[in-house]
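By convention in this document, chain letters (A, B, ...) are assigned in the order of the sequence lines, proteins followed by strands, and residues within each chain are numbered from 1.
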2 protein chains.
Amino acid sequence: MSSTLKDIANKTGVSVSTVSRVLHDNSKKYKISDETQERVKKAAKELGYRINTLARGLRLQKTYEIGLIVPDIANPFFSAMIKSLAGELRKGGYNFIVYDTDEDISIEKSAVKSLMEKRVDGMIIASVGQEFSHIQKLRDANVPIVMIDRCFDSLDIDSVSVDNVKGSLFAVNHLIKEGHTRIAFIQGLPGTYANETRLQGYKQALNDAGIGIDEHLIVGDDFRSLNGYLETKHLLKNPVPPTAIFTAGDLIALGALEACREHGIRIPSDLSLVTFDDPVFTSYLSPALTAIEQPIQKMTEMAVAMLYRRMRNPDDERRKILLEPKLNVRSSVTRLTTLTTITRITNQ
Amino acid sequence: MSSTLKDIANKTGVSVSTVSRVLHDNSKKYKISDETQERVKKAAKELGYRINTLARGLRLQKTYEIGLIVPDIANPFFSAMIKSLAGELRKGGYNFIVYDTDEDISIEKSAVKSLMEKRVDGMIIASVGQEFSHIQKLRDANVPIVMIDRCFDSLDIDSVSVDNVKGSLFAVNHLIKEGHTRIAFIQGLPGTYANETRLQGYKQALNDAGIGIDEHLIVGDDFRSLNGYLETKHLLKNPVPPTAIFTAGDLIALGALEACREHGIRIPSDLSLVTFDDPVFTSYLSPALTAIEQPIQKMTEMAVAMLYRRMRNPDDERRKILLEPKLNVRSSVTRLTTLTTITRITNQ
DNA sequence: CCAATCAATGCAATCGTTTGCACAAACGTA
DNA sequence: TACGTTTGTGCAAACGATTGCATTGATTGG
């Protein structure tokens with residue numbers, strides 16, 4: 001079907017080596033005559049030659065492919081990230097292979113295994129979290145690797161993420177400033193980096209403001225919208241419901257919105273809502289959501305730069321980069337006076 | 001670094017062939033003794049053996065990889081599609097490689113080229129459209145290939161898509177039934193399958209209802225939100241603005257919403273809106289959008305099934321499958337009486 | 001006892017590229 | 001003339017896995 005160097009060699013009467021040099025090398029280096037070059041190129045075109053990257057990869061021990069692992073490709077945050085990464089990688093002549101782990105650590109492990117088997121030149125991983133033995137093994141096997149968005153404090157490996165603690169501080173402080181004290185937190189998957197750091201920021205903000213932490217207001221267990229939906233319904237049944245909810249991710253917020261709509265709860269008049277993540281459509285929601293934006297473009301640029309650096313220079317010291325999040329104030333938070341709080345509570 | 005069959009052979013004292021048979025074959029077939037099997041497996045584990053898929057692919061002329069090409073990975077419709085495809089493919093033991101063409105036909109062509117060079121076992125393509133010579137070449141080279149969502153009527157190739165004409169008919173008929181006659185259509189990229197078929201449905205619905213087609217109400221030129229934003233602003237400046245807008249894709253609708261918000265136009269009271277595509281967040285928008293839903297799950301199931309069939313059976317006749325779209329009525333369309341139309345117009 | 005069968009394994013070619021080394025012819029130089 | 005250089009090209013060994021075809025020693029049937 002597809003022709004090979006050999007086919008071209010046969011057709012032109014030169015050797016395979018010469019053909020290879022003409023088609024892929026800087027053929028100056030080997031001083032191939034112009035006439036031979038012409039002949040070979042012509043034959044290649046006629047035969048529809050396409051290099052076989054498997055053979056090249058095998059020979060060179062280099063595939064020009066980067067493995068990407070994300071928890072959920074359909075999550076707008078990650079699909080934006082992938083798109084951005086793709087662009088950055090393309091600039092450097094790399095292709096990429098994505099794996100979607102569906103927030104499942106065992107799928108993540110098998111993804112890592114597959115990528116090793118494919119001999120990718122490096123990996124960029126947004127890990128589910130929870131555990132990192134598989135990633136540690138990669139590092140020890142000297143595979144260039146950068147963690148993005150979801151990383152591990154206790155694992156010495158290159159990483160870029162946003163300062164989640166600070167993001168939560170921004171969000172919760174904003175709510176507090178608007179007079180809220182009963183602020184619920186709907187978590188993502190416990191044990192993951194993103195979740196624990198965001199939770200930490202939430203607690204710290206409350207502490208700093210001298211507001212006690214009510215464990216009943218910390219609920220939920222995964223980053224999907226169903227979690228937001230169910231937990232919001234549950235929170236609303238609370239005898240003294242929260243006046244504000246802070247969600248750990250965009251999909252959770254969507255679920256929360258759905259629950260509110262179902263119960264006729266209006267945002268922000270009945271309940272305030274702030275969320276981590278800020279995908280494109282946040283500002284079109286009803287109401288436009290106040291949200292914590294992560295600098296996706298910058299994250300991906302840095303991740304790719306770090307990966308290239310690591311590939312060139314395997315023994316450099318490893319770096320952990322934290323980027324600044326940003327609070328985008330829109331219209332899902334209302335100002336609460338002491339009075340409104342009291343009337344609300346007595347209304348229950 | 002990573003060990004090979006040879007390393008294991010050396011360590012255990014058996015031949016490479018035997019190692020290969022133990023690790024990858026149904027080793028019954030070659031009657032390898034239990035004792036040898038044990039030894040080999042043990043050594044493989046100790047050495048941390050990982051198969052080299054490049055070598056396997058080269059030898060077998062089969063990679064167990066499928067190429068995926070989509071116009072925009074960050075578009076929720078396509079990211080949902082990818083996720084769904086990934087699941088289906090995984091079931092069959094296939095991995096996949098995605099390319100995002102950014103709605104650019106020249107990137108699509110180079111993606112096709114790359115995938116050929118990687119010797120993928122098949123491709124699933126949601127084409128930009130406009131042109132199909134590159135895809136025709138693939139087909140003629142006997143690469144198993146299925147077009148999904150974006151295909152070509154005039155190209156004989158397996159494909160699954162939704163009945164776009166019918167979808168537009170549903171949408172526009174709904175608007176007409178609610179009393180609208182000045183209905184604008186904000187297009188996607190002209191010359192693409194999705195766009196032309198949706199446009200066709202739009203025109204047909206108007207014709208069927210005896211409503212003349214006003215070419216000034218057919219605007220726009222790409223599937224991104226900026227297009228929706230700009231064209232909506234422009235439409236609103238029209239001396240006799242439309243009472244309803246039908247957008248060819250979800251991102252266009254988002255752009256339209258943004259423009260309306262900016263101009264203080266309320267939906268649906270001032271303007272009705274219906275869109276093609278129905279990503280998860282549609283129902284959380286302000287207001288919840290009436291939209292045409294495509295059966296993504298079914299599309300991907302069928303696409304993968306067709307691809308497997310084509311891989312098994314290269315010479316079967318090719319099929320073109322059209323699935324039913326669905327109109328989801330929500331709250332972005334208002335009923336228009338003759339009276340309201342008149343008052344509106346005189347208000348201008 | 002000899003031939004046929006079988007169990008268990010090894011040999012070596014192959015997939016398509018790349019590249020260090022060798023080599024012949026032509027050229028320059030002293 | 002003799003020798004070093006340059007030019008242009010080919011040889012052959014990798015890269016790691018698979019598999020048809022031996023091969024060997026043991027077992028069985030007649």
Side-chain angles (χ1 to χ4, degrees), chain A residues 1-41 43-44 47-65 114 116-121, chain B residues 1-41 43-44 47-65 113-114 116-121 141:
Chain A
M1 186 84 4
S2 187
S3 58
T4 69
L5 292 184
K6 202 172 173 185
D7 297 332
I8 299 177
N10 289 340
K11 177 156 183 172
T12 55
V14 300
S15 73
V16 173
S17 343
T18 302
V19 177
S20 171
R21 299 198 251 248
V22 170
L23 295 181
H24 307 301
D25 261 346
N26 170 357
S27 65
K28 309 276 166 179
K29 185 177 150 199
Y30 286 94
K31 304 164 190 168
I32 309 290
S33 72
D34 288 355
E35 193 249 332
T36 308
Q37 287 191 44
E38 294 288 313
R39 281 224 321 286
V40 168
K41 282 179 185 163
L47 292 173
Y49 173 75
R50 295 240 166 281
I51 195 177
N52 184 323
T53 57
L54 299 172
R56 177 179 12 90
L58 182 59
R59 173 63 227 243
L60 295 183
Q61 306 286 55
K62 177 151 176 77
T63 54
Y64 296 96
E65 290 190 343
S114 285
M116 289 287 299
E117 293 179 347
K118 290 188 200 310
R119 301 303 196 265
V120 292
D121 293 340
Chain B
M1 186 83 5
S2 188
S3 59
T4 69
L5 292 184
K6 201 172 174 186
D7 297 331
I8 299 177
N10 289 341
K11 177 155 183 172
T12 55
V14 299
S15 73
V16 174
S17 343
T18 302
V19 177
S20 170
R21 298 198 252 248
V22 170
L23 295 182
H24 307 302
D25 262 347
N26 169 359
S27 66
K28 309 276 167 182
K29 185 177 151 200
Y30 286 94
K31 303 162 191 169
I32 309 291
S33 72
D34 288 355
E35 193 247 332
T36 308
Q37 287 191 44
E38 295 289 312
R39 280 224 320 287
V40 169
K41 283 178 186 164
L47 293 174
Y49 173 75
R50 295 239 168 281
I51 195 177
N52 184 323
T53 56
L54 299 173
R56 195 213 310 118
L58 181 59
R59 173 64 228 243
L60 296 183
Q61 306 286 54
K62 178 155 176 74
T63 54
Y64 296 96
E65 292 191 341
K113 186 177 157 218
S114 285
M116 289 288 299
E117 293 179 347
K118 291 187 199 311
R119 301 304 197 264
V120 292
D121 294 340

Donor-acceptor contact below 3.5 Å, side chain A:Asp7 vs main chain A:Thr4: yes

Return the value, rounded to whole Å, for the distance between atom CG of A:Leu23 and atom C1' of C:dG16. 13 Å

Of all the nucleotides listed (C:dG16, D:dG16, D:dT9), which has the minimum atom distance to the side chain of A:Tyr30? D:dT9

Side-chain N or O of B:Gln61 less than 4.0 angstrom from OP1 or OP2 on C:dG16? yes

Which residue, B:Val14 or B:Leu58, contacts DNA chain C at a nucleotide closer to its 5' end, judged by nearest heavy atom? B:Val14

Nucleotide of D:dT9, D:dT7, D:dA17 approaching A:Lys31 most closely (side-chain heavy atoms): D:dT7

Would you indicate what A:Arg50 reaches in the nucleic acid, counting non-hydrogen atoms under 4.0 angstrom: base, sugar-phosphate, or nothing? sugar-phosphate

Ignoring backbone atoms, test whether A:Thr36 places a side-chain nitrogen or oxygen under 4.0 Å from the OP1 or OP2 oxygen of D:dT9. yes

Taking atom P of D:dA14 as reference, at what distance in whole Å does atom CG of A:Leu5 sit? 20 Å

Using a cut-off of strictly less than 4.0 Å, decide whether A:Ser15 has a side-chain nitrogen or oxygen near OP1 or OP2 of D:dG10. yes

Heavy-atom count around A:Lys6 NZ within 6.0 Å, excluding the residue itself: above 12? no

Length of the CD1-P vector between B:Ile32 and C:dC6, whole Å: 18 Å

Spacing of OG1 belonging to B:Thr63 relative to NZ belonging to A:Lys118, to within rounding of 0.5 Å: 8.0 Å

Rounded off to whole Å, could you give me the CD1-to-C1' distance for the B:Ile51 and C:dC15 pair? 14 Å

Checking C:dG10, D:dA17, C:dT9 against the side chain of B:Arg21 (C-beta onward), the nearest is C:dG10

Given atom CG of A:Asn10 and atom P of C:dG16, what is their separation to the nearest angstrom? 12 Å

Counting the atoms with a prime plus P, OP1 and OP2 as sugar-phosphate, which does A:Ser17 contact under 4.0 Å by heavy atoms, base, sugar-phosphate, or nothing? base

Nearest heavy-atom contact between A:Thr12 and A:Ala43 is CG2-CB, 3.6 Å

Looking across every strand, which nucleic acid part, if any, lies under 4.0 Å from A:Val16 by heavy atom: base, sugar-phosphate, or nothing? base

What is the distance, to the nearest angstrom, from the CZ atom on A:Arg39 to the P atom on D:dG8? 14 Å

Proximity to the side chain of A:Leu60 - top-ranked nucleotide from C:dC15, C:dT19, D:dA17: C:dT19

Quick one: B:Asp34 CG to C:dA7 C1', roughly how many Å, whole number? 12 Å

Atom pair distance, as rounded to whole Å: CG in A:Leu54 and P in D:dC15: 18 Å

Would you check if A:Glu65 and A:Arg119 make a side-chain contact, meaning some heavy-atom pair closer than 4.5 Å? no

Below the 4.0 Å mark, does C:dA8 have OP1 or OP2 next to a side-chain nitrogen or oxygen of B:Thr18? no

Over 12 non-hydrogen atoms of neighbours within 6.0 angstrom of NZ in B:Lys113: no

Can you find a donor-acceptor N/O pair under 3.5 angstrom joining the side chain of A:Arg119 to the base of D:dG16? no

